[in-house]
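The figures that follow rest on heavy atoms only: side chains count, while hydrogens, waters and symmetry mates do not. Computed from a predicted model, the values in this text were never measured in an experiment. Just so you know, ligand 1 is whichever comes first in the structure, and atom 1 is the first atom listed for that ligand.
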Amino acid sequence: QRRRMVVVKAETINPEIRKTEEKVVDSVVVTELSKNITPYCRCWRSGTFPLCDGSHMKHNKATGDNVGPLLLKKQ
Ligand code: FES
């Protein structure tokens with residue numbers, strides 16, 4: 001019986017956001033939110049990064065991935 005070997009190629013998760021920086025870090029200090037919910041992108045596809053613009057839906061459909069935003073919710 002032959003065994004099939006699956007090779008998983010490591011790929012970067014950030015294809016284009018702020019690539020001139022050594023490490024992309026964003027800080028958010030939350031004392032008050034102007035909206036009830038503020039979505040922050042975690043898929044690196046947003047055109048309004050660091051805010052989510054819904055681009056994760058296209059990415060998920062194309063790749064079978066399941067990423068979504070970080071939601072900051074006002075209490
Ligand atoms: Fe990236 Fe929504 S666009 S999580």
Side-chain angles (χ1 to χ4, degrees):
Q1 183 179 7
R2 290 180 111 181
R3 287 190 166 179
R4 231 173 78 175
M5 186 172 164
V6 177
V7 178
V8 178
K9 183 180 171 189
E11 295 181 18
T12 59
I13 195 167
N14 175 14
E16 59 191 50
I17 304 290
R18 292 158 45 186
K19 294 300 278 186
T20 57
E21 298 177 27
E22 182 179 356
K23 184 189 297 182
V24 179
V25 177
D26 293 293
S27 298
V28 179
V29 176
V30 179
T31 54
E32 289 184 26
L33 293 173
S34 59
K35 299 178 189 173
N36 285 338
I37 297 176
T38 303
Y40 280 82
C41 178
R42 293 188 301 172
C43 75
W44 297 91
R45 270 48 178 195
S46 176
T48 58
F49 193 85
L51 298 178
C52 169
D53 69 355
S55 295
H56 60 271
M57 292 184 280
K58 182 179 175 186
H59 165 76
N60 288 346
K61 190 172 183 179
T63 65
D65 211 344
N66 64 348
V67 295
L70 165 69
L71 301 177
L72 297 185
K73 295 182 178 179
K74 188 176 186 177
Q75 270 193 325

Would Val30 and Tyr40 show up in the same hydrophobic cluster when neighbours are defined by side-chain heavy atoms closer than 4.5 Å? yes
Hydrophobic cluster identity match, Leu33 and Leu51, side-chain contacts under 4.5 Å: yes
Contact between ligand 1 and Asp53 is defined here as a heavy atom of the residue under 4.0 Å from a ligand atom; is it met? yes
Could you list which atoms of ligand 1 come closer than 4.0 Å to a heavy atom of [X]?
X: Ser46; answer: 3 (S)
X: Cys41; answer: 1 (Fe), 3 (S), 4 (S)
X: Arg42; answer: 1 (Fe), 4 (S)

Are [X] and [Y] side-chain neighbours, meaning at least one heavy-atom pair lies under 4.5 Å?
X: Arg18; Y: Phe49; value: yes
X: Pro69; Y: Arg42; value: no
X: Leu72; Y: Ile37; value: no

Of all the atoms in His59, is at least one N, O or S atom closer to atom 1 (Fe) of ligand 1 than 2.8 Å? no
Measuring to atom 1 (Fe) of ligand 1, does Cys52 have an N/O/S atom at a distance below 2.8 Å? no
Between Lys73 and Asn36, is a side-chain contact (heavy atoms from CB on, under 4.5 Å) present by the stated rule, with each step listed? CA-CA 6 Å; Lys73 295 182 178 179; Asn36 285 338; over 6 Å; no
At what distance is the nearest protein heavy atom to atom 2 (Fe) of ligand 1, and which residue and atom is it? His56 ND1, 2.1 Å
